[in-house]
Student: 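Pasting a structure here, questions to come.
Computed from a predicted model, the values in this text were never measured in an experiment.
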Amino acid sequence: MPAPPNRDGPRVNEEIRVPQVRLIDQDGEMQGVMSARDALIRAYAVGLDLLEISPNAEPPVVKILDYGKFKYEQQKKKNEARKRQKVIEIKEIKVRPNIDENDYQVKMRAMRSFISEGDKVKVTLRFRGREMAHQELGARVLQRIREELDAETKVEQMPKMENRQMVMVLAPR
């Protein structure tokens, strides 16, 4: 069995060194099995290139087309896919155990906007000084956040202590 292409991209024209190929012409019509040389002659006759579409098939499938245009289309598809790709970021919101109601609402609005944009939210609740003795207050704040955002998020990391802070990660549903 012939080796698949070793360079980047499919083999073209004289690079196709197999005795038999299955040819598809420029109109997409199956022409059948023939020698690679005959297929190349046909491609040159219409002023186009012979491109190996499926090198691992038996015999390999080749198509008559404009290689420059083919490469351009592939590049365009790749760029389009890269453009559509959404990078999920982790946004961090810092709260305190004795957070005021107004501040709490502002933080909730920010979290909702991050979630609606498709980002994850890391809620960090920081304890200072003697607040460490009342970790249940912090757990209550995180529980309240979790309940209010339950419809649009799922908890990716349950609240856990890391040094003097409690951390929870929420991801959009």
Side-chain angles (χ1 to χ4, degrees), residues 1-95 106-124 142 145-160 162 165 167-173:
M1 190 168 148
N6 57 358
R7 63 184 185 94
D8 58 336
R11 292 186 285 199
V12 187
N13 298 336
E14 285 82 19
E15 296 170 4
I16 302 170
R17 293 193 184 95
V18 290
Q20 297 284 306
V21 293
R22 185 177 305 276
L23 178 69
I24 301 171
D25 69 10
Q26 64 274 20
D27 303 320
E29 306 272 325
M30 179 65 70
Q31 296 299 318
V33 178
M34 61 179 63
S35 76
R37 194 160 167 253
D38 290 344
L40 191 58
I41 291 168
R42 281 193 184 190
Y44 285 156
V46 290
L48 295 171
D49 301 301
L50 191 65
L51 180 81
E52 192 172 40
I53 300 294
S54 162
N56 297 330
E58 196 54 51
V61 179
V62 295
K63 187 172 183 178
I64 297 175
L65 48 72
D66 183 354
Y67 184 59
K69 190 175 176 184
F70 173 78
K71 271 177 60 176
Y72 171 74
E73 294 292 331
Q74 295 295 93
Q75 186 65 38
K76 221 165 121 178
K77 281 181 192 170
K78 207 162 75 176
N79 290 344
E80 198 63 36
R82 194 179 304 128
K83 211 183 293 180
R84 283 202 201 98
Q85 196 174 8
K86 170 78 171 96
V87 177
I88 296 177
E89 293 182 35
I90 297 182
K91 306 286 189 172
E92 186 173 15
I93 297 283
K94 293 183 179 177
V95 293
V106 169
K107 303 273 187 187
M108 286 301 290
R109 260 198 310 274
M111 282 187 255
R112 281 199 174 93
S113 78
F114 294 150
I115 300 274
S116 67
E117 290 169 11
D119 295 323
K120 293 179 183 180
V121 177
K122 178 180 180 181
V123 184
T124 305
L142 291 181
I145 290 171
R146 204 166 74 199
E147 288 169 358
E148 284 191 34
L149 292 175
D150 190 45
E152 58 251 41
T153 64
K154 61 179 181 284
V155 179
E156 198 166 86
Q157 179 188 317
M158 293 302 278
K160 71 173 186 189
E162 292 177 1
Q165 54 192 20
V167 177
M168 172 175 73
V169 178
L170 300 170
R173 277 198 191 272

Student: Just to verify, what does D38 make a side-chain hydrogen bond (donor to acceptor under 3.5 Å, both in side chains) with, not counting sequence neighbours?
Tutor: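 For D38, the residues satisfying side-chain hydrogen bond (donor to acceptor under 3.5 Å, both in side chains) (neighbours in sequence not counted) are S35.
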
Student: Test of understanding: with side-chain hydrogen bond (donor to acceptor under 3.5 Å, both in side chains), list the residues that count as partners of K107, not counting sequence neighbours.
Tutor: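 Partners of K107 by the side-chain hydrogen bond (donor to acceptor under 3.5 Å, both in side chains) criterion come out as none, since no residue qualifies.
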
Student: Is the backbone N or O of Y67 less than 3.5 Å from a side-chain atom of D49, with the two atoms forming a donor-acceptor pair by type?
Tutor: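 Flag set: sc D49 to bb Y67 pair under 3.5 Å.
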
Student: Can you find a heavy atom in the side chain of F114 that is under 4.5 Å from one in the side chain of P172?
Tutor: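 They are not in contact (no side-chain heavy atoms under 4.5 Å apart), so the answer is no.
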
Student: Let me confirm one number: the CG-CD1 distance from L170 to I145, rounded to the nearest 0.5 Å.
Tutor: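 Going from CG on L170 over to CD1 on I145, the span is 8.0 Å.
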
Student: In Å, rounded to the nearest 0.5 Å, how long is the span from CE of M111 to OG1 of T153?
Tutor: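 OG1 of T153 is found 9.5 Å from CE of M111.
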
Student: What's the spacing between F70 CZ and I53 CD1 if we round to 0.5 Å?
Tutor: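 Answer for the CZ-CD1 pair, F70 versus I53, is 5.5 Å.
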
Student: So, for I93 and A110, which heavy atoms are closest and what is the spacing to 0.1 Å?
Tutor: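 Taking every non-hydrogen atom into account, CD1-CB, 4.0 Å.
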
Student: Could you check D27, L50, L51 and say which one makes a side-chain contact (heavy atoms from CB on, under 4.5 Å) with I64?
Tutor: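 It is L50; the other options fail the test.
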
Student: With P159, which residues qualify under side-chain contact (heavy atoms from CB on, under 4.5 Å), at least two apart?
Tutor: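 Scan of P159 (side-chain contact (heavy atoms from CB on, under 4.5 Å), adjacent residues dropped) gives L142, R146, M166, M168.
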
Student: Who pairs with R173 by salt bridge (Lys or Arg N to Asp or Glu O under 4.0 Å), at least two apart in sequence or on another chain?
Tutor: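 Expected list: D150.
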
Student: Sequence neighbours left out, what passes salt bridge (Lys or Arg N to Asp or Glu O under 4.0 Å) with R112? Give chain and number order.
Tutor: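 By the salt bridge (Lys or Arg N to Asp or Glu O under 4.0 Å) rule, R112 matches E152.
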
Student: Contact between R37 and L40 at the side-chain level, heavy atoms closer than 4.5 Å - yes or no?
Tutor: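 No, their side chains stay 4.5 Å or more apart.
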
Student: Only counting residues at least two apart or in another chain, list the ones meeting salt bridge (Lys or Arg N to Asp or Glu O under 4.0 Å) with E89.
Tutor: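 Listed in chain order: K91.
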
Student: Can you give me the closest heavy-atom contact between I24 and V61, atom names plus distance?
Tutor: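 The pair with the smallest heavy-atom distance is CD1-CG1, 3.7 Å.
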
Student: On a heavy-atom basis, which atom in P59 and which in R22 lie closest, and how many Å separate them?
Tutor: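 Heavy atoms only, the tightest pair is CD-NH2, 3.8 Å.
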
Student: Holding to side-chain hydrogen bond (donor to acceptor under 3.5 Å, both in side chains), I want the full list of residues that pass it with E14, two or more places apart in sequence or in another chain.
Tutor: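 So E14 forms a side-chain hydrogen bond (donor to acceptor under 3.5 Å, both in side chains) with Y44.
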
Student: Who pairs with K160 by side-chain contact (heavy atoms from CB on, under 4.5 Å), at least two apart in sequence or on another chain?
Tutor: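 Listed in chain order: Q157, E162.
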
Student: Tell me, please, which residues at least two apart from E92 pass salt bridge (Lys or Arg N to Asp or Glu O under 4.0 Å).
Tutor: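 By the salt bridge (Lys or Arg N to Asp or Glu O under 4.0 Å) rule, E92 matches no residue at all.
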
Student: Do R42 and M34 come within less than 4.5 Å of each other through their side chains, counting heavy atoms only?
Tutor: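 Of all side-chain heavy-atom pairs linking M34 with R42, at least one is under 4.5 Å.
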
Student: Going by side-chain contact (heavy atoms from CB on, under 4.5 Å), V123 matches just one of V95, V167, V169. Which one?
Tutor: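 With V123 as partner, V95, V167, V169 yield a single side-chain contact (heavy atoms from CB on, under 4.5 Å), made by V95.
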
Student: Distance from L65 atom CG to K69 atom NZ, nearest 0.5 Å?
Tutor: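 Reported value, rounded in 0.5 Å steps: 9.5 Å.
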
Student: Does V21 reach the side chain of I16, with side-chain heavy atoms less than 4.5 Å apart?
Tutor: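 SC-SC contact between V21 and I16 confirmed.
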
Student: Restricting to side-chain hydrogen bond (donor to acceptor under 3.5 Å, both in side chains), what partner residues turn up for E80, sequence neighbours left out?
Tutor: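 Residues passing side-chain hydrogen bond (donor to acceptor under 3.5 Å, both in side chains) with E80: none at all.
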
Student: Are any side-chain N or O atoms of D66 and backbone N or O atoms of G68, one a donor and one an acceptor, separated by less than 3.5 Å?
Tutor: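 Yes, because the side chain of D66 sits within donor-acceptor range (under 3.5 Å) of the backbone of G68.
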
Student: Between E15 (side chain only) and V12 (backbone N and O only), is there a donor and an acceptor less than 3.5 Å apart?
Tutor: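 Confirmed, E15 side chain pairs with V12 backbone.
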
Student: Once side-chain contact (heavy atoms from CB on, under 4.5 Å) is applied, do any residues pair with Q85, and if so which ones, sequence neighbours excluded?
Tutor: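 Expected list: R82.
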
Student: Test of understanding: with side-chain contact (heavy atoms from CB on, under 4.5 Å), list the residues that count as partners of K76, not counting sequence neighbours.
Tutor: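 In terms of side-chain contact (heavy atoms from CB on, under 4.5 Å), with neighbours along the sequence ignored, K76 is linked to Y72.
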
Student: Would you sort out whether I90 and D119 count as a side-chain contact (heavy atoms from CB on, under 4.5 Å), showing the intermediate values?
Tutor: CA-CA 6 Å; I90 297 182; D119 295 323; over 6 Å; no

Student: State, yes or no, whether a side-chain contact exists between K83 and N79 at a heavy-atom distance under 4.5 Å.
Tutor: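 A side-chain contact under 4.5 Å is absent here.
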
